[in-house]
Amino acid sequence: MNKPELIAALKEQAGISKAKAAKIVEVIFDSMADTLSNGDRVEIRGLCSFYVKKYKSYTGRNPTTGEKVRVKPKKLPFFKVGKELKARVDQ
């Protein structure tokens with residue numbers, strides 16, 4: 001399912017306009033992104049959680065040239081599946 005399909009499903013199930021459904025989806029996604037960018041965790045009980053993992057800088061290698069490269073510290077978002085979703089998918 002992609003974003004337009006999610007909007008269409010919300011529109012059908014909630015009986016609202018496509019514009020309202022799109023706004024709701026945008027608010028949810030923007031709120032999640034803002035929370036993660038602040039370094040906080042997003043948890044949707046039974047479904048999943050998102051968190052930010054911090055990596056220190058390290059010396060990597062350019063695979064094309066073999067040259068050593070300094071990789072800057074970074075933060076990446078991670079997804080962790082919830083128990084209920086895991087059980088539902090594994091049926």
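The figures that follow rest on heavy atoms only: side chains count, while hydrogens, waters and symmetry mates do not.
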With S57 via side-chain hydrogen bond (donor to acceptor under 3.5 Å, both in side chains) - residues at least two apart:
R70
Pairwise salt bridge (charged side-chain N to carboxylate O under 4.0 Å, His left out) hits with a residue in residues 46-60, at least two apart
none
Between the CD atom in E5 and the CD1 atom in I7, the distance rounded to the nearest 0.5 Å is 10.5 Å
Which Ile, Leu, Val, Met, Phe, Trp or Tyr residues join V71 in one cluster when any pair of side-chain heavy atoms under 4.5 Å counts as a link?
Y58
For residues 70-91, which residue pairs qualify under ring-ring contact (aromatic ring centres under 6.0 Å, His included), counting only residues two or more places apart or in two chains?
F50-F79, Y51-F78
Could you list all the salt bridge (charged side-chain N to carboxylate O under 4.0 Å, His left out) pairs where at least one residue sits in residues 10-21, not counting sequence neighbours?
none
ring-ring contact (aromatic ring centres under 6.0 Å, His included): pairs with one or both residues in residues 12-44, sequence neighbours excluded:
none
Does anything in residues 21-31 form a side chain to side chain donor-acceptor pair (under 3.5 Å)? List the pairs, not counting sequence neighbours.
K3-E26
With sequence neighbours left out, the residues meeting side chain to side chain contact (heavy atoms under 4.5 Å, CB included) with D40 are T35, N38
Please name all residues satisfying side chain to side chain contact (heavy atoms under 4.5 Å, CB included) with A14, sequence neighbours left out, ordered by chain then number.
L10, I16
Are any of the side-chain heavy atoms of V69 and T59 separated by less than 4.5 Å?
no
Going by the rule side chain to side chain contact (heavy atoms under 4.5 Å, CB included), which residues pair with Q13 if we only count those two or more places apart in sequence or in a different chain?
none
Hits for side-chain hydrogen bond (donor to acceptor under 3.5 Å, both in side chains) against S17, two or more places apart or cross-chain, chain-then-number order -> none
I'd like to check L6 versus N2 (side-chain heavy atoms, cut-off strictly below 4.5 Å). Are they in contact?
no
With S49, which residues qualify under side chain to side chain contact (heavy atoms under 4.5 Å, CB included), at least two apart?
R41, E43, K80
